[in-house]
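Below, each value reflects all heavy atoms present in this structure, side chains not excepted, and no hydrogens, waters or symmetry copies. When a residue number appears, it is its place in the shown sequence, counting from 1.
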Amino acid sequence: MRFFSDNAAPACPAVMDAIQSANCQTAAYDGDEWSQRLDAAFSDLFETEVRAFWVTTGTAANCLALAALCPPHGSILTHEMAHIEQDEAGAPGFFTHGAKLTLLEGKGAKIPPAAIDEAVGRVRKDVHQVQPRALSITNATEYGQSYSAAEVAAIGEMARKHDLGFHMDGARFANAVAFRGESPADLTWKAGVQALSFGFIKNGGMNAEALILFDTDLYGLVEVMKKRSGHLSSKGRYAAAQILAMLDDDLWLDNARAANRAAALLGEACGNRLNLPVEANELFVAMSADEAASLRAQGFDFYDWGPGEVRLVTSWNQDMSEVEKLAEAIRSL
C-alpha cells in the first residue's frame, strides 16, 4: 500500500488511449496535429493567449523557463526548499549558463513577499554583486502548501517592483487549483506570473509536462533553447496527445481532486500529528521511528522526511480502501 510518491503512480487510462491514438504516421517534432493544438487548448483554459510547449520532464520545464527569464549574470530568488534548489542537480545553473540561486526562507516552503523585498535590498547596485533578475515559486509547494490567488498577486507585485521575471513551478499545480477553487488564470497570469511549469506526470500523465508562456514574447527564445538543450523529441506528438487528453473535460482537475480527497481523509486521522495543514496531496506527519516501523509492518510504504517526521503522498488513483486502512492504523498508534 504505497503512499511514498505520486511520481510512481500509473498513467491514467485516457492518457494510454491518447498515446495509442497518436501512434500513426504523421509530422515530426512539433508539427503534428496534437502539438499544434496546445496553444489554443491552454489559451482556453487560462482565458488569455498563451504559447505552450510539451516537454518530458519537470526539470526541463522549470529550467527552460528560468533560462528565458534570467541572464547568466543574474540571480533567481527562490525558497531554500524549492525543487530547483534541492532536487535538480544544478540544472538551473546549467540551463541558464551560470545564473545564481538566492535562497529565501518561509514556513511551508512559501515565500513571504517581505522576504523578496529584503533579499533585493541586501544587494548593492554595482558590478561586484549578482543582481536579482527572476523569481520562482512553487504551487503547491514542496511542503504541500497552496498559494491563494491573492498571495501570488502579492508576490507578483514584488516582482514588478523589482523588475524580476516571475516563474511558477506547478508540478502539483492541479492540486493547488483543486484545493483553492480559484481559476487557473487568477492563480497565474492575472497575478503576474510570466511562465508556468504545468505538471501532468504526478497527476496521471506518463512522460509529458507543459511549459506555458503567458509572456508570449519569450516564445522564440524558448523554442531555440528547447532544441539546443536536447528536449525537442522527434515524436513529440505522444507527449502532446497525453496533455490534450488530460485537459479534455477537466480530467487533470478531477484527478487532482481525487488525490486531494484521499489526503484530506488521512489528514483528519492524523489530527495533531500534522506539522502543516493539508492543502494538496502531501502530508507531513510527526511520527516516531517505532511508530513508522509499525505502519510499515502492516504494509504501508512512505518516506521518512527527517527525525520524527514522515511524508505521505496520495495519488490520482489511490485505492480508498487502502486510505481508510492507513487512516485507521494512524488513529491506532
Side-chain angles (χ1 to χ4, degrees), residues 1-13 15-16 57-58 81-83 86-87 108-110 138-146 169-180 199-207 209 246 251-333:
M1 294 176 281
R2 295 189 168 187
F3 294 86
F4 70 94
S5 178
D6 43 8
N7 281 308
C12 62
V15 163
M16 301 305 292
T57 69
M81 296 307 297
H83 200 270
Q86 294 288 335
D87 294 290
K110 294 171 81 170
T138 311
N139 202 15
T141 76
E142 288 73 17
Y143 275 85
Q145 303 300 283
S146 296
D169 179 346
R172 294 186 175 95
F173 181 69
N175 302 95
V177 174
F179 175 77
R180 287 292 172 184
F200 287 92
I201 294 173
K202 289 179 171 66
N203 196 33
M206 186 175 78
N207 60 347
E209 307 278 75
M246 293 193 69
L251 176 61
W252 66 279
L253 197 51
D254 290 341
N255 282 358
R257 287 170 176 153
N260 285 8
R261 281 195 298 271
L265 192 152
L266 290 176
E268 292 173 5
C270 291
N272 292 334
R273 290 178 178 272
L274 286 175
N275 290 333
L276 291 163
V278 180
E279 296 185 356
N281 65 323
E282 294 181 285
L283 302 90
F284 295 84
V285 185
M287 192 173 295
S288 71
D290 287 343
E291 289 172 328
S294 172
L295 293 182
R296 289 191 172 101
Q298 298 174 61
F300 301 107
D301 191 11
F302 48 86
Y303 274 126
D304 292 318
W305 205 249
E309 184 177 42
V310 302
R311 187 191 75 168
L312 307 175
V313 183
T314 54
S315 302
W316 69 271
N317 68 326
Q318 204 76 50
D319 185 328
M320 290 305 293
S321 68
E322 294 181 356
V323 173
E324 290 164 0
K325 288 177 183 177
L326 178 55
E328 182 57 35
I330 290 172
R331 290 190 192 98
S332 299
L333 289 173

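A salt bridge links Asp304 to Arg296: at least one charged side-chain nitrogen sits closer than 4.0 Å to a carboxylate oxygen. At a threshold of 4.0 Å, the pair Arg273-Glu291 counts as salt-bridged, since one of the basic side-chain nitrogens sits closer than that to a carboxylate oxygen.
When all heavy atoms of Asn203 and Ala256 are compared, the pair lying nearest together is OD1-N, 3.3 Å. The nearest pair of heavy atoms linking Ser146 to Lys110 is O-NZ, 3.3 Å. Pairing each heavy atom of Leu266 with each of Leu312, the nearest pair is CD1-CD1, 4.4 Å.
Just one residue in the list Val310, Asn275, Ile330 forms a side chain to side chain contact (heavy atoms under 4.5 Å, CB included) with Val285, and that residue is Val310. With Asp6 as the fixed residue, the side chain to side chain contact (heavy atoms under 4.5 Å, CB included) test singles out one of Gln318, Lys202, Glu282: Lys202.
At least one donor-acceptor pair under 3.5 Å links the side chain of Glu142 to the backbone N or O of His83. Formation of a donor-acceptor pair under 3.5 Å by the Thr138 side chain with backbone atoms of Ala82 is not found in this model. Under the 3.5 Å distance criterion, the side-chain polar atoms of Glu322 are left unmatched by any main-chain donor or acceptor of Phe300. Checking side-chain atoms of Asn281 against main-chain N and O of Thr314 turns up a donor-acceptor pair under 3.5 Å. No side-chain donor-acceptor contact under 3.5 Å links Ser315 to the backbone of Ala9.
To the nearest 0.5 Å, atoms CZ (Arg172) and CG (Asn260) are separated by 10.5 Å. Of the inter-residue distances, the one linking Phe4 atom CZ with Phe302 atom CZ reads 12.5 Å to the nearest 0.5 angstrom.
With sequence neighbours excluded, no residue forms a salt bridge (charged side-chain N to carboxylate O under 4.0 Å, His left out) with Arg261. Applying the salt bridge (charged side-chain N to carboxylate O under 4.0 Å, His left out) rule to Glu209 yields no partners; only residues at least two apart in sequence or on another chain are considered.
Residues Asp290 and Ser288 have side chains that never bring a donor and an acceptor to within less than 3.5 angstrom of each other.
Listed by first then second residue, pairs satisfying salt bridge (charged side-chain N to carboxylate O under 4.0 Å, His left out) with a partner in residues 323-333 read Glu328-Arg331, not counting sequence neighbours.
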For a side chain to side chain contact (heavy atoms under 4.5 Å, CB included) check, start with the C-alpha distance between Arg311 and Ser5, then their side-chain angles and the critical distance, and finish with the verdict.
CA-CA 9 Å; Arg311 187 191 75 168; Ser5 178; 4.2 Å; yes
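The distance between the ring centers of Phe284 and Trp305 falls below 6.0 angstrom.
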